[in-house]
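The first residue of the sequence shown is numbered 1, and numbering continues consecutively from there.
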Amino acid sequence: MSVLEKAPPRRPAAATAREPRSGLRDEHGRRIRVWELVLRYVLLLAVLALTVGPFLWQLSTSLKGPTEDIFSSPPKFLPGHPTLHNYERVSATIPVWDYALNSLKVATANVVTNCAGSALAGYALARLRYRGRAAATLTFVLAMLVPVEGIVIAQFTTMRELGLNNTLVAVVLPGSIGAMNVLLMRNAFRNLPYEIEEAAYVDGANVWQRFLRIALPSVKGTLAVVAIFSFMGAWDDFLWPLIVLSDPSRFTLTIGLNYLHGTFAGDERLVAAGTVIAVAPLIALFACLQRYFFRGVGEGAVKG
């Protein structure tokens, strides 16, 4: 047998290129160095500590009993004897569940009006042909530049002329349709291919049928984003309900918790328990809608 026959056959370059490459690589196939990976994780942990850390500390404080020192040095993160007594004290001190129900009513109404109104306005700006469409879009953009504090007196005067002061309806109306939500829905509808609606138009579908059966089901992700932003904005709003409401039975949760903080500022455990009660619905809402929330980034794709 000759030397050439004993030599192993050479594999083609294409087969070599298809071999799995060792090491960590990013989405573009570039190799990630160890120090880059460590730096990424350090930055992620730092951001996590800055964003989630305060809430975890409030949760820990709300579970600590009256005998535990919450100002110890070094600070003790985990409670020695966890208790729910602080939450019972909150409900016994202020009608926190009545305030939470008022906030839930306002936030739910805000979500419904924003989802419906923003979807209709966004579809009209993105898909319908009419004179003045560019000016209408510019109006929504300019509305985002106006600070709330600059128009709060005009809003209060309007609610007073309508006879809606000291009602939850007055709390809902100014934020019933947000300019940013309209622009979000407009961009989502603009990313949809025109061919689908053209085919439906040829089949005899009118505008409402194209909107309800074709366009709206394709932007569920953006609708989830609008719903979360609307709920958070209405639930956390403090300035406007404080101005327009005067009856304590109609107070929202943010106003009630401010009263708790002002009256019992020395009891940090009580304040922490009220804070956790206020944040818990937001966490639950995001947990339910997170699948649609993250899908909103790639909105407009054609489903087979």
Side-chain angles (χ1 to χ4, degrees), residues 40-108 110-111 148 175 178 180 224-242 251-294 296-297:
R40 291 184 183 184
Y41 277 101
V42 169
L43 292 177
L44 287 175
L45 290 176
V47 173
L48 182 65
L50 291 175
T51 55
V52 184
F55 171 73
L56 294 179
W57 181 258
Q58 288 289 84
L59 177 62
S60 174
T61 304
S62 68
L63 296 175
K64 292 180 179 179
T67 59
E68 295 190 56
D69 186 9
I70 60 177
F71 300 105
S72 60
S73 182
K76 186 179 179 182
F77 185 77
L78 296 177
H81 303 283
T83 178
L84 298 177
H85 181 62
N86 296 320
Y87 295 92
E88 298 176 0
R89 292 173 58 204
V90 170
S91 59
T93 303
I94 60 174
V96 63
W97 304 119
D98 294 337
Y99 295 159
L101 180 60
N102 292 336
S103 292
L104 183 62
K105 293 177 181 178
V106 172
T108 303
N110 198 273
V111 169
V148 177
M180 185 185 69
V225 173
V226 171
I228 292 176
F229 285 167
S230 302
F231 191 93
M232 291 177 59
W235 187 270
D236 293 335
D237 192 14
F238 173 75
L239 178 61
W240 176 242
L242 180 64
F251 281 175
T252 57
L253 188 58
T254 52
I255 304 177
L257 292 179
N258 181 70
Y259 167 80
L260 180 70
H261 189 280
T263 306
F264 303 94
D267 194 344
E268 297 293 339
R269 300 172 183 82
L270 205 62
V271 176
T275 303
V276 173
I277 292 175
V279 175
L282 300 179
I283 299 176
L285 177 68
F286 183 79
C288 296
L289 298 180
Q290 62 174 337
R291 180 181 61 178
Y292 300 101
F293 182 85
F294 291 110
V297 178

With rounding to the nearest 0.5 angstrom, report the [atom1] to [atom2] distance, [X] to [Y].
X: R89; Y: R269; atom1: CZ; atom2: CZ; result: 8.0 Å
X: Y99; Y: I255; atom1: OH; atom2: CD1; result: 9.0 Å
X: S103; Y: D237; atom1: OG; atom2: CG; result: 9.5 Å
X: E88; Y: L270; atom1: CD; atom2: CG; result: 12.0 Å

- request: Start with the C-alpha gap between N102 and L253, add the side-chain angles, then the distance that decides, and say whether side-chain contact (heavy atoms from CB on, under 4.5 Å) holds.
  value: CA-CA 7 Å; N102 292 336; L253 188 58; over 6 Å; no
Side chain to side chain contact (heavy atoms under 4.5 Å, CB included) involving [X] - partner list, sequence neighbours excluded:
X: V279; result: F55, T275, I283
X: Y41; result: L37
X: L84; result: L63, Y87
X: T83; result: H85

message: Show, in sequence, the C-alpha distance, side-chain angles and deciding distance for W97 and I277, and conclude whether the side-chain contact (heavy atoms from CB on, under 4.5 Å) test is met.
response: CA-CA 9 Å; W97 304 119; I277 292 175; 4.2 Å; yes
Is it the case that the side chain of [X] and the backbone of [Y] share a donor-acceptor pair, with hydrogens and angles ignored and the cut-off at 3.5 Å?
X: S60; Y: L56; value: no
X: N86; Y: A272; value: no
X: E68; Y: P79; value: no
X: S62; Y: L59; value: yes

message: So which atom in K76 and which in K64 form the shortest heavy-atom distance, rounded to 0.1 Å?
response: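 Closest approach of K76 to K64, heavy atoms only: O-NZ, 2.6 Å.
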message: Run the side chain to side chain donor-acceptor pair (under 3.5 Å) test against T254 and tell me which residues pass, sequence neighbours left out.
response: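 Partners of T254 under the side chain to side chain donor-acceptor pair (under 3.5 Å) test: T252.
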message: A quick test of your reading: do over 12 heavy atoms of other residues, nucleotides or ligands sit less than 6.0 Å from CH2 of W57?
response: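 Atom CH2 in W57 is packed in, count exceeds 12.
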field: Side-chain heavy atoms of D236 within contact of L282, under 4.5 Å
entry: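 D236 reaches L282 side chain to side chain.
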Run the side-chain donor-acceptor check on residues 225-235: report pairs under 3.5 Å with partners two or more places apart or on a different chain.
| from | atom 1 | to | atom 2 | distance (Å) |
| --- | --- | --- | --- | --- |
| S230 | OG | N181 | ND2 | 3.4 |
| S230 | OG | V226 | O | 2.7 |
| W235 | NE1 | A278 | O | 2.7 |

